[in-house]
Structure formats: structure tokens, C-alpha cells
Enquirer: 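If you scroll down you'll find the structure; I have some questions about it.
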Amino acid sequence: AVLGCALGVLLPGLRGEECPAPCSCGSPGDSGGTAVDCGSRGLRALPALPRRTRRLRLHNNSLASIPAGALDSLGLLRELELGDNPWHCDCHVLYLKLWLEDFAAPALARLRCASPAHLRMKPLRELTGNELGLCKRLLPTKCLEFFWRDLILIAGAIITLVLVVWALKFSQKLVWQLRLGGWLLRRHSSKTH
């Protein structure tokens, strides 16, 4: 997973631009993007998806979870079918649950846990932190891309603030020097007359 993430960051053009082998791809119509049909293919893992995916069908497979960050790069995605998969409701399903809460709450309402036994048939949207167990690891989001972006933004804001404070301080000093210079010039000119 780390190697795949590193390759995705270092060589973004190599990952997920072609139609995945077990799926079929086509045009979703006049809306642009790609329609990717991976439904009923016996998938146990999510294949690398084209970034321009607009419609994605993953129904009726053997998917138990979706890797954290796997759907984040699909900015054009508008339709998603995930039903009839044996979702395993532990920490690994948390990414999918949170992503669907933001993307498609109705799709989340239709998904149910297949395992563990005590959560069988429970809707994913109703899962609580206690039921998922102890999730020690934070969800990776595009290999910490957001962390570095936020860190750079915070550093930029701090530098900007320091420069503004310095500019205000310098401008006050300059104003005082101009006032003092003007006062000295008036005093000097009044003595010479």
C-alpha cells in the first residue's frame, strides 16, 4: 500500500488512466468522463480506476472494504453502485462510511454489514465507533498530501502575518521620521526668516 501510494505521488500519470482489466469502460453520454462497470466481476479488491471516472459500478462483487484514499482522486464521480458486497464492518470499512456520508448518503443507507456476526445485516450508516473496535491508525488521505498542503498554508499565513506586522512597524517609524523631519524643516525655515 505504501509503495502504491508513493508511486501514485511520484508518477501520477502511470496509475489508473486505463480501464481496469476485469471491468468494462465506456462513455456515460454527453456528460464526459468515463463509465466504469466492474459489477458482478468477482472482485475481492478495488482495481486502479481511471481518474476521469464519472459512473462506477462495483455491485455484486466480493468487496469487504475499500482501501483508505482509493476514491479521493475521483473528482468527476457522480454515480456509484456498491450494493451486494459482503462488507466487513471493522476499522477498514470506516473510510468508505465517512466518504459516502459526504458523497452519497442514500448509497450508504443501502449498504449492510455481512460480518462480523454480531453486526450482520446492520446498515453501515448506523455503525458507531464502539462497534468498529479500536481503530488505532488514522485514515491515510492521499499519502499525507493534505497534511503537507495545510502545513504550507499555515507557514505561508504565519510568514504573511509577520511581514504585515513588520511593514506596519516600519511604516509607523517612517511616519514619525517624516513628521520629525517636517517639524525640523519648519523650525529651521522659521529661524532663517
Side-chain angles (χ1 to χ4, degrees), residues 1-12 14-23 25 34-150:
V2 173
L3 179 59
C5 194
L7 285 175
V9 170
L10 297 174
L11 305 169
L14 293 180
R15 185 183 177 275
E17 293 307 319
E18 296 178 6
C19 189
C23 308
C25 296
T34 305
V36 181
D37 186 355
C38 298
S40 303
R41 302 294 203 280
L43 297 177
R44 293 183 170 277
L46 186 70
L49 300 167
R51 286 194 190 110
R52 297 191 43 80
T53 299
R54 189 169 188 87
R55 184 184 313 146
L56 178 58
R57 293 189 172 134
L58 292 168
H59 62 285
N60 196 29
N61 279 296
S62 297
L63 298 172
S65 66
I66 300 287
L71 302 172
D72 293 347
S73 64
L74 304 179
L76 297 177
L77 190 63
R78 296 296 174 260
E79 294 178 40
L80 179 62
E81 292 180 33
L82 292 168
D84 297 322
N85 279 291
W87 302 110
H88 181 71
C89 294
D90 66 359
C91 290
H92 297 291
V93 83
L94 184 59
Y95 166 76
L96 178 63
K97 179 183 184 296
L98 295 174
W99 191 87
L100 283 172
E101 284 175 358
D102 290 340
F103 176 76
L108 178 60
R110 292 186 295 270
L111 301 184
R112 297 191 179 279
C113 300
S115 59
H118 70 282
L119 295 175
R120 185 166 173 74
M121 296 307 294
K122 180 161 187 160
L124 262 67
R125 74 171 176 201
E126 294 177 12
L127 290 175
T128 64
N130 292 336
E131 292 170 324
L132 293 174
L134 184 60
C135 299
K136 294 180 182 179
R137 229 173 85 189
L138 292 175
L139 294 173
T141 310
K142 288 190 174 180
C143 305
L144 300 176
E145 178 181 319
F146 292 118
F147 169 77
W148 291 112
R149 182 200 64 195
D150 291 346

Enquirer: Kindly write out the residues that satisfy salt bridge (Lys or Arg N to Asp or Glu O under 4.0 Å) with E126, not counting sequence neighbours, or none if the list is empty.
Expert: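 Salt bridge (Lys or Arg N to Asp or Glu O under 4.0 Å) list for E126, sorted by chain: empty.
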
Enquirer: If you round to the nearest 0.5 Å, how far is OG of S62 from CG of D84?
Expert: 11.0 Å

Enquirer: Please list, chain by chain and in numerical order, all residues satisfying salt bridge (Lys or Arg N to Asp or Glu O under 4.0 Å) with R54, sequence neighbours excluded.
Expert: none

Enquirer: What salt bridge (Lys or Arg N to Asp or Glu O under 4.0 Å) pairs are there with at least one residue in residues 98-121, not counting sequence neighbours?
Expert: K97-E101

Enquirer: How many angstroms lie between CG in L82 and CG in N60, if you round to the nearest 0.5 Å?
Expert: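 One gets 12.5 Å once the value is rounded to the nearest 0.5 Å.
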
Enquirer: Just jot down the side-chain contact (heavy atoms from CB on, under 4.5 Å) partners of S65, sequence neighbours excluded, or say none.
Expert: H92

Enquirer: Check whether any side-chain heavy atom of L43 sits under 4.5 Å from a side-chain heavy atom of N85, and report yes or no.
Expert: no

Enquirer: Could you give the distance from CZ (R57) to SG (C23), rounded to the nearest 0.5 Å?
Expert: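 Rounded to the nearest 0.5 Å, the CZ-SG separation comes to 12.0 Å.
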
Enquirer: Could you tell me the separation between the CZ atom of R41 and the CG atom of L58, rounded to the nearest 0.5 Å?
Expert: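 The distance works out to 10.5 Å.
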
Enquirer: For the residue pair L76 and R52, what are the closest heavy atoms and their distance?
Expert: CD1-NH1, 3.5 Å

Enquirer: For the pair L80 and L100, evaluate side-chain contact (heavy atoms from CB on, under 4.5 Å) and give the outcome as yes or no after the intermediate values.
Expert: CA-CA 10 Å; L80 179 62; L100 283 172; 3.9 Å; yes

Enquirer: So which pairs with a foot in residues 63-89 pass ring-ring contact (aromatic ring centres under 6.0 Å, His included), sequence neighbours left out?
Expert: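 Matches after skipping sequence neighbours: none remain.
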
Enquirer: Can you list every pair that meets disulfide bond (SG atoms under 2.5 Å apart) and has a residue in residues 45-88, with sequence neighbours left out?
Expert: none

Enquirer: With P86, which residues qualify under side-chain contact (heavy atoms from CB on, under 4.5 Å), at least two apart?
Expert: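 Only A114 meet the side-chain contact (heavy atoms from CB on, under 4.5 Å) criterion with P86.
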
Enquirer: Once rounded to the nearest 0.5 Å, what's the spacing between atom CG of L111 and atom CG of L127?
Expert: 10.5 Å

Enquirer: Going through the distances and angles, do F103 and L108 end up as a side-chain contact (heavy atoms from CB on, under 4.5 Å)?
Expert: CA-CA 9 Å; F103 176 76; L108 178 60; over 6 Å; no

Enquirer: Could you tell me which non-hydrogen atom of C113 sits nearest to which non-hydrogen atom of L119, and how far apart they are?
Expert: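 Nearest pair, atom of C113 first, then L119: CB-O, 3.2 Å.
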
Enquirer: Rounded to the nearest 0.5 Å, what separation is found between the CG atom of L71 and the CG atom of L49?
Expert: 7.5 Å

Enquirer: Sequence neighbours excluded, which residues qualify as side-chain hydrogen bond (donor to acceptor under 3.5 Å, both in side chains) partners of N61?
Expert: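 Per chain and number, N61 pairs via side-chain hydrogen bond (donor to acceptor under 3.5 Å, both in side chains) with no residue.
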
Enquirer: With sequence neighbours excluded, tell me which residues meet side-chain contact (heavy atoms from CB on, under 4.5 Å) with A45.
Expert: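 Residues passing side-chain contact (heavy atoms from CB on, under 4.5 Å) with A45: none at all.
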
Enquirer: Which pair of heavy atoms, one from E18 and one from P50, lies closest together, and at what distance?
Expert: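 Scanning both residues completely, I find the closest heavy atoms to be O-CG, 3.6 Å.
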
Enquirer: Taking salt bridge (Lys or Arg N to Asp or Glu O under 4.0 Å) as the definition, give me every residue that meets it alongside R55, ordered by chain and number, with sequence neighbours left out.
Expert: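 In terms of salt bridge (Lys or Arg N to Asp or Glu O under 4.0 Å), with neighbours along the sequence ignored, R55 is linked to E79.
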
